[in-house]
Amino acid sequence: MQSSTFIKFDPARVPSPCFVIDEVAIERNLSVLNYVQEKSGAKVLAALKAFSCWHLAPLVNQYLSGICASGYHEARLGYEEYTKKGEQGEVHVFSAAFSQQEFDHVLPIANHIMFNSFSQWEKYKAQGMAHQQNIQFGLRINPQHSEGTTEIYDPCAAGSRLGIPISEFASKRLEGISGLHFHTLCEQGLEPLRRTLAAVEEKFSDYLSAMQWINFGGGHHISHPDYDVEGLIKLIKSFAKKYNVQVYLEPGEAIAIRSGVLVSEVLDVMHTDRSQAILDTSATCHMPDTLEMPYRPDVFLSGGIKSGEANQLPYNYRLGGMTCLAGDVISDYSFEEPLQVGDRLMFDDMAHYTMVKTNTFNGIRLPAIAIWNSKSDKLEVVKQFDYDDFKNRLS
Ligand SMILES: Cc1ncc(COP(=O)(O)O)c(C=O)c1O
């Protein structure tokens with residue numbers, strides 16, 4: 001694992017709470033993804049659902065082939081900010097189901113549209129095919145091969161609504177369909193992909209050669225130092241050659257691994273049955289994955305003071321948020337020195353999925369967003385939120 005560039009960042013330089021993204025770390029991840037594109041011939045798209053910090057879109061555009069979106073809003077953000085209105089880069093859209101209104105909006109701005117069922121494809125086929133623009137239509141398949149350990153992140157778990165199983169393909173006509181898409185992985189290495197492709201080939205081999213493209217989805221931890229990048233390149237090349245298809249990958253997390261922190265400030269230190277530090281952030285509002293996954297972020301303290309697991313270091317605290325939720329707790333940590341009101345903490349690896357999932361429960365202020373360059377030390381706070389952002393979501 002790379003050591004975080006934020007070890008040397010002074011969190012007092014930004015308002016609190018604040019997401020700080022290191023553009024050097026993002027570029028490091030993008031270069032690995034671009035290397036895969038160049039060597040394998042695959043096209044790599046940025047999954048905006050994981051990281052849609054569009055201030056960095058010009059940087060992403062320098063390296064990747066476009067974006068993938070989960071519906072109209074992300075597709076439009078991709079079209080407006082990442083592809084310069086379709087002049088460069090592709091916009092791929094998949095939704096578990098498109099409403100008529102959403103499909104009408106997506107059609108003029110998408111290059112690829114992927115459907116989650118034959119009934120959705122049949123509903124929109126005539127309208128899609130009649131559209132003047134050259135759009136590719138695809139189907140999301142479910143190879144029914146689980147590699148995940150956490151059920152809510154496993155699209156191949158029994159009962160999944162995501163992707164069409166092979167049993168539904170019987171006697172279905174595929175004119176107008178030029179590609180297949182699967183997304184089955186989550187933070188995984190090459191071997192789970194290799195096994196998944198074997199399952200795809202075993203079940204869908206009758207259809208693969210008739211396609212122009214196959215999208216391997218996301219969940220590939222390609223920019224993680226342990227990932228077998230050369231193995232991936234070989235695998236893509238041999239699959240693309242065997243079926244004569246363009247391969248797409250659409251990682252999200254791999255763009256932003258180890259590139260961002262959430263800065264927060266200690267508002268109070270108190271004692272109940274244990275020592276508690278109340279922060280100006282919240283697990284449920286600002287880092288919901290700590291409760292959903294669940295996931296325990298590493299934490300750095302200003303001044304380089306060490307932190308660790310509970311009971312590892314002399315001073316133990318439960319780090320909790322400002323809301324009324326009893327379970328608004330990030331986790332239990334220990335520090336080499338006692339926490340003081342006003343101390344700044346940095347929660348590590350908070351760029352992907354965390355920034356896009358924030359909410360304003362209890363009226364909690366959303367974290368600001370800052371872009372830092374760990375090489376030049378340039379820092380810019382690009383967004384701050386206030387009462388109007390809370391009020392405008394409500395009526
Ligand atoms: C269809 C699809 N594509 C791509 C991704 C991105 O996955 P990751 O961020 O794990 O690479 C996801 C994540 O849920 C997804 O559902």
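Start at 1 and go down the list; that is how both ligands and their atoms are numbered. Numbers here are sequence positions counted from 1.
- Counting the atoms of ligand 1 from 1 in the order shown, those under 4.0 Å from a heavy atom of R140 are 1 (C).
- Which parts of ligand 1 touch G219 is read off a 4.0 Å heavy-atom cut-off, strictly below it: atoms 7 (O), 8 (P), 10 (O), 11 (O).
- Set against the non-hydrogen atoms of A50, the atoms of ligand 1 under 4.0 Å away are 9 (O).
- Between R296 and E309 there is a salt bridge, with a side-chain nitrogen of the basic residue lying less than 4.0 Å from a carboxylate oxygen of the acidic one.
- Summarising the geometry, atom CG belonging to N134 is positioned 8.5 Å from atom CG belonging to N111; distances are rounded to the nearest 0.5 Å.
- Note: F137 and F115 have parallel aromatic rings, judged against thresholds of 30 and 60 degrees for the angle between ring planes.
- Salt bridge status for R13 with D377: present, with a side-chain N to carboxylate O gap under 4.0 Å.
- Atoms of ligand 1 found under 4.0 Å from any heavy atom of P251 (numbered from 1 in listed order, with element): 11 (O).
- For the pair A254 and ligand 1, no heavy-atom separation below 4.0 Å is found.
- Taking all heavy atoms of F94, Y353, F216 into account, the minimum distance to atom 9 (O) of ligand 1 is reached by Y353.
- Ion pairing between a basic and an acidic side chain is recognised when a charged N comes within 4.0 Å of a carboxylate O; K125 and E122 show no such pairing.
- The shortest distance between side-chain heavy atoms of F239 and F216 falls below 4.5 Å.
- Contact annotation: the side chain of Y63 never approaches that of L33 to less than 4.5 Å [non-hydrogen atoms, C-beta and beyond].
- Between K49 and ligand 1, at least one N/O pair is under 3.5 Å apart.
- Judged by the shortest distance from any of its heavy atoms, H352 lies outside the 4.0 Å radius around the atoms of ligand 1.
- Listed by number with element, the atoms of ligand 1 under 4.0 angstrom from any heavy atom of G252 are 6 (C), 8 (P), 9 (O), 11 (O).
- Each of V20, D349, T281, L345 was compared with L262 under the side-chain contact (heavy atoms from CB on, under 4.5 Å) criterion, and only T281 meets it.
- Residue E253 has at least one N or O atom closer than 3.5 Å to an N or O atom of ligand 1.
- In this structure, F98 and Y72 have side chains that are not in contact, with every pair of non-hydrogen atoms separated by 4.5 Å or more.
- Using a 4.0 angstrom heavy-atom cutoff, F51 does not count as in contact with ligand 1.
- Scanning all protein heavy atoms for the shortest distance to atom 4 (C) of ligand 1 gives E250 O, 3.2 Å.
- Nearest protein heavy-atom contact of atom 5 (C) of ligand 1 is H183 CE1, 3.6 Å.
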